[in-house]
Number of protein chains: 2
Amino acid sequence: MPAPVPPLDPAELGAYFSLIEVSSLLRHTVEQQLKDAGGLSYVQFQLLATLGDAPDGSLRMTDLADGVVYSRSGLTYQVGLLERDGLVVRAPSTEDERSTTVALTDAGRDVLGRVFPGHVEVLRQLFLEPLSADDVHALADVLGRVRDHMRTVPPRSARPRPKRG
Amino acid sequence: MPAPVPPLDPAELGAYFSLIEVSSLLRHTVEQQLKDAGGLSYVQFQLLATLGDAPDGSLRMTDLADGVVYSRSGLTYQVGLLERDGLVVRAPSTEDERSTTVALTDAGRDVLGRVFPGHVEVLRQLFLEPLSADDVHALADVLGRVRDHMRTVPPRSARPRPKRG
DNA sequence: TATTGTTATACTCTATAACTATA
DNA sequence: TATAGTTATAGAGTATAACAATA
């Protein structure tokens, strides 16, 4: 007999299902807008936006990956696309010659600026519209705590054995 | 100067960024668990779970798509994989011969049961752990309202198909 | 004509492992 | 030895459009 797992209560299920459906549809819609407005995937937008928030518009590859991408090769791939399109440039780091520094170009900032109004528009219409200021604060507070918790939990050391018989 | 878009306030940004990061990491972790435990992708799990919740364990393709998949061909692909593995069966609908009915098999229920405890475990450890009962209720309430709002905005499964030209 | 589902195809994205180079 | 990043490659997933069949 498998050990019985206490079931989730209705509120827990509701929170989970709503989270998944909301984030999935929001991401899908935003992805369309970003592609239409600037030819960006969502990951590419996240990378550009992360660089845009950095003090000097540049970051090391590893720091850029944070929370956006789950493998180094995936990051290399996405940054490669951005560089191909002239939105970022890569250069060896002067401090640690193993590192690569990624910097936003003017063209990258332009694309970010061109894409941003529509992005905010989608967020307002689809996500924020039915929420009061209190709702938004509650969401930011609760989800912020979950995010902080997730960041402290060490990633599952999953040794993939994917084949099933 | 073009009329600027009023920026999002810090709470709005915080709610949005936390939502994206939390849902992304949660989904990624759950995806690994589902793959390890039952060889399922997240979409496949959602489809099986949706069928499992249906009164007789079967649904029409179109009804199955709701909230899970964004194109008809994507649904056909995923259901094809599930059928190949014996987890569902497809049969022509008796009421409307254009329709296909998808039914969960015993093997499909088994996989669902085998995968579920670990799924709940991940949700508890990664998502629910730092939250009080009040937090969970607040999340379910607020995100539930957003989900309801999103459902009213675009009619997803009835999305118009491109015209033939 | 509109709807339901499938197929063909092309494309995007991701992940593992092997590799180079530096610390 | 450990870390930073790249590359090769393979596979999973997705979307568009054309298609057939039924309403």
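In the text below, chain A, chain B and the rest are named by the order of the sequence lines, each starting its count at 1. Basis for what follows: all heavy atoms, side chains included, without hydrogens, waters or symmetry-related copies. All values reported here derive from a predicted model rather than from experimental measurement.
Atom CG of Leu64(A) is separated from atom P of dA4(D) by 14 Å (rounded to the nearest Å). Distance OH (Tyr70(A)) to C1' (dT14(C)): 12 Å, rounded to an integer number of Å. Taking atom NZ on Lys35(B) and atom P on dG11(D), their separation rounds to 11 Å, with Å as the unit.
Taking the charged nitrogens against the carboxylate oxygens, Asp135(B) and Arg145(A) do have a contact shorter than 4.0 Å, which makes a salt bridge.
Comparing Val69(A) and Glu97(A) along DNA chain C, the residue whose closest nucleotide (by nearest heavy atom) sits nearer the 5' end is Val69(A). Along DNA chain C, the nucleotide nearest Val43(A) and the nucleotide nearest Asp96(A) are compared for position; the residue whose nucleotide lies closer to the 5' end is Val43(A).
Considering only side-chain N and O atoms, Arg90(A) lies under 4.0 angstrom from the phosphate OP1 or OP2 of dT6(D). A sub-4.0 Å separation between OP1 or OP2 of dC13(C) and a side-chain N or O of His28(B) is absent. Distances shorter than 4.0 Å separate none of the side-chain N or O atoms of Arg72(B) from OP1 or OP2 on dT6(C). For the pair Gln78(A) and dT14(C), the criterion of a side-chain N or O lying under 4.0 Å from OP1 or OP2 is met.
The aromatic rings of His28(B) and Tyr70(A) lie parallel to each other, their planes meeting at an angle below 30°, with 60° marking the opposite boundary. Note on ring orientation: taking the six-membered ring where Trp is involved, the planes of Tyr16(B) and Phe127(A) are tilted (angle from 30° to 60°).
Backbone-only engagement by Leu81(A) is indicated by non-hydrogen atom pairs under 4.0 Å involving sugar-phosphate atoms exclusively. When heavy atoms are screened at a 4.0 angstrom cut-off, Ser41(B) is found touching the sugar-phosphate backbone but no base atom. Across all strands shown, Ser99(B) has heavy atoms under 4.0 Å from sugar-phosphate atoms exclusively, and none from any base. Backbone-only engagement by Thr100(B) is indicated by non-hydrogen atom pairs under 4.0 Å involving sugar-phosphate atoms exclusively.
Here dT7(C) is the nucleotide among dG5(D), dT4(C), dT7(C) with the atom lying nearest to any side-chain atom of Thr76(B). Closest contact between the side chain of Tyr77(A) and the listed nucleotides dA4(D), dC13(C), dT6(C) involves dC13(C). Taking the side chain of Arg98(A) as heavy atoms from C-beta on, and the options dA18(C), dA2(D), dT14(C), the nearest nucleotide is dA2(D).
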* Asked: Yes or no on side chain to side chain donor-acceptor pair (under 3.5 Å) for Ser58(A) and Asp56(A), after CA distance, side-chain angles and deciding distance?
  -> CA-CA 5 Å; Ser58(A) 78; Asp56(A) 57 349; 3.3 Å; yes
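Around the CG atom of Asp106(B), the shell of radius 6.0 Å holds no more than 12 heavy atoms that belong to other residues, nucleotides or ligands.
Side chain Ser73(A) to base dT16(C): a donor-acceptor pair is found below 3.5 Å.
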